[in-house]
Amino acid sequence: MRTSLKCLVFYLIVGVITLNLYFLGQLYFQHQSNPENEQSKHQHQHRHSNDFFDNNNKKQDDVADKPSFHLKNSNEFLVLDWTGHQHIFREQDPIKCDFSHITREQCVAKFESVTNDGLRSHLIERCVRLLTLTVRWTDDQSRLKEADLISYHSIHMPSYNLPKLERNDKRQQYSTVYVLESEVHSSGGRDWHEIDFPMWYNLERSYPEPATYFDIKSYLDKLFAPVRIPFSKKMTSAPIIWIISNCNAYNGRQTLVQQLMTYIRIDSYGGCLNNGHSAQAQARAQSNSELYASYKFVISIENSNCEDYVTEKLIDGLSSTAVPIVASRDGKPNYKRFAPNYSYINVYDFKTVKELADYLNYLSNNETAYNEYLWFRRLPANKYAESGVTERSLQDNLRLADEILGVNATMRQWLLTKEASINKYCKLTKFIHMTYWKLIYKRKKYNRPTPNDVCLPSSDIATYFANSSTTIAAAAD
Ligand SMILES: *[C@@H]1O[C@H](CO)[C@@H](O)[C@H](O)[C@H]1NC(C)=O
Ligand SMILES: *[C@@H]1O[C@H](CO)[C@@H](O)[C@H](O)[C@H]1NC(C)=O
Ligand SMILES: *[C@@H]1O[C@H](CO)[C@@H](O)[C@H](O)[C@H]1NC(C)=O
Ligand SMILES: *[C@@H]1O[C@H](CO)[C@@H](O)[C@H](O)[C@H]1NC(C)=O
């Protein structure tokens, strides 16, 4: 998905702040004991960062040598949008962070294990400051010296020579980067490893937590909602809908869709392979949920297939209660982390385009087989679907997820890390005030992976199907 500031704003602003620490802790333990973990090559990094996160109480002593602390006079925390492209907040208005749930007792408890008296009381006071803190936003680079947190937006990130930050016992400046584009469409720059808080969709390589396309609560609300349009009332002219604007996607999805169209009717309302017009169709997928619902399948293939790069394309497909068609192999991305088993169709499960088309045609004509893909909406355990209740608390949603998907469902474990925040800047501000700075600075940092590391090769979808369907490819030309 191309950068949409509106979208970014949306995801940054929605949500809740609680559970964050708890879930990251959980993530660490589950990650350790999860035999299905495919990420072993990155395990060291992951374990390191979470170990660090979980045990910061214990460790902060080790790094306190010669304390000489200093609490800023001002009660302001200034975020500097260095790349000036985020336009999330207005300079004159404070960022609305709600720290009202934080208490002095919490701060005391947080740092009680620090043995150095001077350091401990300093850390407690710094934490208590959250109670009266005002978080402000600027994109004025000349205020670098005043800034507490420098924020980069990846696409526009300086590729090297990031501004030098002050980091000592008296003054702490931090940096963060937000990325919602895949490795193919946004670079990390040479100095990514200098960033204190890399936050992007990658579930394991973000710190202290991933940026997100998901608001877990509303996602689960929709996931467990009853089917909107039953099979018998679905569109009959075409079983599949596709609305996309990037016609030249890195993974070659358009070649597949074009070939698929020779076997099965696909309504394409976007700019690519457009074959019709719908007054309802919107340029951005978010708005198309109603329209999707009248189709049996929605093509939800991303522009590139990379580790954890799963966007609103999947969410919108599932939310519409149609069945999403996705593309994934070698765990790039691993959809089990984001959706229930048997809730989507993976094109790589088929050898040829014809085989895929035959299967989709079969499902389109067999209500029973099609409805098996909606199993998680129909179980007796899903009493909410029956009662028509759509507003549920996050706790209710999680209980429901446990009942329906099982407590050990892969998606549950990973989705929790995608919990959306009231806004990531507030979360970071809180994290910063509740963590000893040396622990943050000392965390081992890494470069952003390259597309070669974490993405399927360019045109992989096209190549994969061309290998076994050369005649079809020729016919479609
Ligand atoms: C339809 O799907 C059901 C469930 O998968 C299967 O048992 C049945 O044989 C299918 N019917 C036809 C006509 O293929
Ligand atoms: C999907 O998950 C449910 C709940 O954990 C389980 O009962 C079911 O057997 C799974 N289905 C498949 C096809 O793996
Ligand atoms: C979930 O996984 C844990 C750890 O592997 C295991 O001890 C527990 O029995 C599992 N629970 C269920 C309901 O499968
Ligand atoms: C296509 O076939 C070639 C030759 O058999 C093979 O090396 C390559 O991996 C295949 N590509 C894909 C994407 O399957």
Side-chain angles (χ1 to χ4, degrees), residues 223 225-244 251-269 272-273 275-276 278 288-289 291-302 305 313-314 316-329 334-336 338-379 404-405 460-476:
L223 201 57
V227 173
R228 275 205 236 163
I229 300 187
F231 188 87
S232 60
K233 299 219 165 69
K234 295 260 191 194
M235 190 84 71
T236 49
S237 57
I240 307 178
I241 184 167
W242 193 45
I243 302 181
I244 225 78
N251 57 11
R253 66 185 171 196
Q254 54 285 346
T255 310
L256 168 64
V257 174
Q258 188 176 24
Q259 292 170 12
L260 199 54
M261 277 175 165
T262 65
Y263 296 102
I264 187 166
R265 172 83 200 193
I266 300 174
D267 279 348
S268 174
Y269 296 127
C272 311
L273 303 171
N275 60 10
S278 162
N288 288 319
S289 205
L291 185 59
Y292 287 169
S294 50
Y295 288 81
K296 288 170 184 142
F297 306 98
V298 181
I299 299 180
S300 301
I301 303 177
E302 304 292 348
N305 302 115
K313 285 191 178 57
L314 175 78
D316 296 335
L318 280 173
S319 300
S320 75
T321 73
V323 175
I325 296 172
V326 302
S328 155
R329 66 168 173 166
N334 182 355
Y335 278 94
K336 285 185 191 156
F338 304 97
N341 65 17
Y342 216 83
S343 67
Y344 50 85
I345 289 165
N346 180 3
V347 300
Y348 282 109
D349 287 343
F350 301 85
K351 288 202 182 61
T352 64
V353 179
K354 181 169 185 314
E355 225 176 74
L356 169 63
D358 286 349
Y359 186 64
L360 294 171
N361 268 321
Y362 164 77
L363 291 180
S364 298
N365 294 301
N366 184 329
E367 182 168 357
T368 317
Y370 175 85
N371 282 342
E372 282 169 9
Y373 283 89
L374 306 171
W375 68 273
F376 52 94
R377 301 182 193 277
R378 295 170 166 269
L379 286 191
I404 296 177
L405 307 171
D460 193 68
I461 297 177
T463 317
Y464 172 86
F465 286 107
N467 268 2
S468 46
S469 7
T470 38
T471 47
I472 297 150

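A quick note: this is a predicted structure, and the numbers were derived from the prediction, not measured.
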Asks: Quick one: does any side-chain atom of R377 pair with a main-chain N or O of V227 as donor and acceptor, under 3.5 Å?
Replies: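 Side chain of R377 to backbone of V227, a donor-acceptor pair under 3.5 Å: no, none is there.
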
Asks: One pair to check against ring-ring contact (aromatic ring centres under 6.0 Å, His included): F297 and Y370. What are the steps and the verdict?
Replies: CA-CA 10 Å; F297 306 98; Y370 175 85; 5.6 Å; yes

Asks: Could you check L356 against L256 for side-chain contact (heavy atoms from CB on, under 4.5 Å), going step by step and ending with a plain yes or no?
Replies: CA-CA 10 Å; L356 169 63; L256 168 64; 4.2 Å; yes

Asks: Between E355 (side chain only) and K351 (backbone N and O only), is there a donor and an acceptor less than 3.5 Å apart?
Replies: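 Yes, the answer is positive, given that a donor and an acceptor are paired below the 3.5 Å cut-off.
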
Asks: Let's go through I241 and I299 carefully: what are the C-alpha distance in whole Å and the side-chain angles of both, what is the deciding distance for side-chain contact (heavy atoms from CB on, under 4.5 Å) to 0.1 Å, and is it a yes or a no?
Replies: CA-CA 6 Å; I241 184 167; I299 299 180; over 6 Å; no

Asks: Before you tell me yes or no, could you show the steps for V323 and V298 under side-chain contact (heavy atoms from CB on, under 4.5 Å), namely the whole-Å CA-CA distance, both residues' side-chain angles and the distance that decides it to 0.1 Å?
Replies: CA-CA 6 Å; V323 175; V298 181; over 6 Å; no

Asks: Any side-chain heavy atom of V326 within less than 4.5 Å of one from F338?
Replies: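 Answer no - side chains too far apart.
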
Asks: What's the spacing between Q259 CD and Q254 CD if we round to 0.5 Å?
Replies: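 Interatomic distance, Q259 CD to Q254 CD, rounded to 0.5 Å: 11.0 Å.
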
Asks: Any pair with a residue in residues 253-266 that passes salt bridge (Lys or Arg N to Asp or Glu O under 4.0 Å), sequence neighbours left out, goes on the list, sorted by first then second residue, please.
Replies: R265-D267

Asks: Quick one: does I266's side chain get under 4.5 Å of V257's, heavy atoms only?
Replies: yes

Asks: State whether a side-chain donor-acceptor pair under 3.5 Å links S294 with R228.
Replies: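 No.
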
Asks: Verify, without hydrogens or angle tests, whether D316 (side chain) and S289 (backbone) share a donor-acceptor contact under 3.5 angstrom.
Replies: no

Asks: Once you round to the nearest 0.5 Å, how far does CD1 of I461 lie from CD1 of I301?
Replies: 5.0 Å

Asks: Would you call I243 and S268 a side-chain contact if the rule is heavy atoms closer than 4.5 Å?
Replies: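 Contact flag for I243/S268 side chains = no.
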
Asks: Considering all heavy atoms of both residues, which atom of F376 and which atom of S343 are nearest to each other, and what is their separation?
Replies: CE2-CB, 3.3 Å

Asks: Going by salt bridge (Lys or Arg N to Asp or Glu O under 4.0 Å), name the pairs with one or both residues in residues 357-375, residues two or more places apart or in two chains.
Replies: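 Checked against salt bridge (Lys or Arg N to Asp or Glu O under 4.0 Å) - neighbours excluded - the pairs reaching residues 357-375 are K354-D358.
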
Asks: Treating N288 as the side-chain partner and L291 as the backbone partner, does any N or O pair qualify as donor plus acceptor under 3.5 Å?
Replies: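 Looks like no, no N/O pair under 3.5 Å.
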
Asks: Might you point out which heavy atoms bring V347 and F465 nearest each other, and give the distance in Å?
Replies: O-CZ, 3.3 Å

Asks: Which heavy-atom pair separates Y295 from A238 by the least distance, and what is that distance?
Replies: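 Looking at all heavy atoms of both residues, the closest pair is CD2-O, 3.3 Å.
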
Asks: Does either side chain, that of N251 or that of N305, offer a donor lying less than 3.5 Å from an acceptor on the other one?
Replies: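 Side-chain D/A pair, N251 to N305: present.
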
Asks: Closest approach of P226 and T321, non-hydrogen atoms and distance?
Replies: O-CG2, 3.6 Å

Asks: Going by the rule ring-ring contact (aromatic ring centres under 6.0 Å, His included), which residues pair with Y335 if we only count those two or more places apart in sequence or in a different chain?
Replies: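 So Y335 forms a ring-ring contact (aromatic ring centres under 6.0 Å, His included) with Y344.
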
Asks: For R329 versus Y464, what's the shortest heavy-atom pair and its separation?
Replies: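 Shortest heavy-atom separation between R329 and Y464 comes out as NH1-CD1, 3.9 Å.
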
Asks: Counting only N and O atoms by type, is there a donor-acceptor contact under 3.5 Å from the side chain of S364 to the main-chain atoms of L360?
Replies: yes

Asks: Could you give me the CA-CA distance, side-chain angles and deciding distance for L363 and I345, then say whether side-chain contact (heavy atoms from CB on, under 4.5 Å) is met?
Replies: CA-CA 11 Å; L363 291 180; I345 289 165; 3.6 Å; yes

Asks: Just by modelled atom types, is the K313 backbone N or O under 3.5 Å from a matching donor or acceptor in the S300 side chain?
Replies: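 Confirmed, S300 side chain pairs with K313 backbone.
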
Asks: How long is the straight-line distance from CD1 of I229 back to OH of Y292, given to the nearest 0.5 Å?
Replies: 14.0 Å

Asks: Looking only at atom types and distance, does a side-chain atom of K234 sit under 3.5 Å from a main-chain N or O of A293, one as donor and one as acceptor?
Replies: yes

Asks: Where is the tightest heavy-atom contact between I244 and W242, given as atom of each residue plus distance?
Replies: CG2-CZ2, 3.4 Å

